[in-house]
Amino acid sequence: QLQAYGGGLVQSGGSPRLSCSASARTFSSYAVGWFRQATGKEREFVAAISWNGDRTVIGDSVRVRFTISRDNDKNTVFLQMNSLKPEDSAVYYCAAKYGLGTTATPEEYDYWGQGTKVTVSS
């Protein structure tokens, strides 16, 4: 089971950090990705990290501003968001994929969290 949290109302330019926690003891065997979906828009890939954190992939629209990391001792993956813009407003979802590789394709993920909403005020 995955749980994403850390969202809320943020001012433009803010730097919140989202967390994705898992209850499974095998969490370290999973790659984790973040996706977001704004109202009326398609789901968008944000970032992904390999099972041991040695490989990360960042989506084009957030490159440079967002980073992803993980702490397997705490079964948690983090999405650090910097210099937020109103267009970053969305529900952010984390997802887990068993195995070594990272992917931006949502259909390749096995488990999904419930999402946390981020609203960026201008």
Side-chain angles (χ1 to χ4, degrees):
Q1 182 178 0
L2 297 175
Q3 183 175 4
Y5 56 95
L9 179 63
V10 183
Q11 287 190 333
S12 182
S15 299
R17 186 177 74 167
L18 303 184
S19 299
C20 175
S21 295
S23 57
R25 277 179 269 178
T26 57
F27 182 67
S28 60
S29 300
Y30 289 78
V32 174
W34 284 96
F35 295 80
R36 67 184 182 184
Q37 188 164 20
T39 302
K41 296 188 177 181
E42 294 186 354
R43 183 169 46 188
E44 177 187 15
F45 170 73
V46 176
I49 189 167
S50 61
W51 67 278
N52 63 352
D54 68 345
R55 184 169 186 265
T56 62
V57 180
I58 308 296
D60 290 340
S61 64
V62 300
R63 193 159 293 155
V64 177
R65 298 188 297 122
F66 290 14
T67 59
I68 187 171
S69 61
R70 69 188 298 160
D71 183 342
N72 284 343
D73 290 337
K74 297 181 179 179
N75 281 3
T76 303
V77 170
F78 305 100
L79 181 69
Q80 178 65 50
M81 306 187 293
N82 299 316
S83 303
L84 282 184
K85 307 173 183 179
E87 52 264 43
D88 294 315
S89 297
V91 177
Y92 284 73
Y93 299 91
C94 61
K97 168 188 171 299
Y98 183 76
L100 302 179
T102 54
T103 178
T105 304
E107 290 75 17
E108 296 187 28
Y109 285 85
D110 303 306
Y111 303 100
W112 289 80
Q114 85 290 356
T116 184
K117 187 174 182 179
V118 175
T119 302
V120 184
S121 63
S122 57

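In this chain, residues are counted from 1 in sequence order.
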Going only through I, L, V, M, F, W and Y residues with side-chain contacts under 4.5 Å, is there a path from Ile58 to Val118?
yes
Applying a strict under-4.5 Å side-chain criterion to I, L, V, M, F, W and Y, I'd like to know whether Phe78 and Ile49 cluster together.
no
Does the plane of the ring in Tyr98 sit parallel, tilted or perpendicular to the ring in Tyr30? Use 30° and 60° as the thresholds.
perpendicular
Under 30°, 30 to 60°, or over 60°: which ring-plane class applies to Phe66 and Tyr92, parallel, tilted or perpendicular?
tilted
Using side-chain heavy atoms (C-beta onward) and a distance below 4.5 Å, is [X] in contact with [Y]?
X	Y	result
Ser121	Leu9	yes
Arg65	Asp88	yes
Thr102	Thr56	no
Phe27	Leu2	yes
Val10	Met81	no

For the pair Arg63 and Asp60, find out whether any cationic side-chain nitrogen is under 4.0 Å from an anionic carboxylate oxygen.
yes
Pairing donors with acceptors under 3.5 angstrom, does anything connect the side chains of Ser21 and Asn75?
no
Verify the neighbour count for atom OH of Tyr111: are there more than 12 heavy atoms of other residues, nucleotides or ligands below 6.0 Å?
no
Counterpart residues, salt bridge (Lys or Arg N to Asp or Glu O under 4.0 Å), relative to Arg17 (two or more places apart)
none
Return the set of residues passing side chain to side chain donor-acceptor pair (under 3.5 Å) with Asp71 (not counting sequence neighbours), or none when no residue passes.
none
Just to verify, which of Phe35, Phe45, Tyr93 counts as forming a ring pair (Phe, Tyr, Trp, His ring centres under 6.0 Å) with Tyr109?
Phe35
Stepwise side chain to side chain contact (heavy atoms under 4.5 Å, CB included) test for Ser19 and Lys74:
CA-CA 11 Å; Ser19 299; Lys74 297 181 179 179; over 6 Å; no
When you measure from the side chain of Gln3 to the backbone N and O of Gly113, does any donor-acceptor pair fall under 3.5 Å?
no
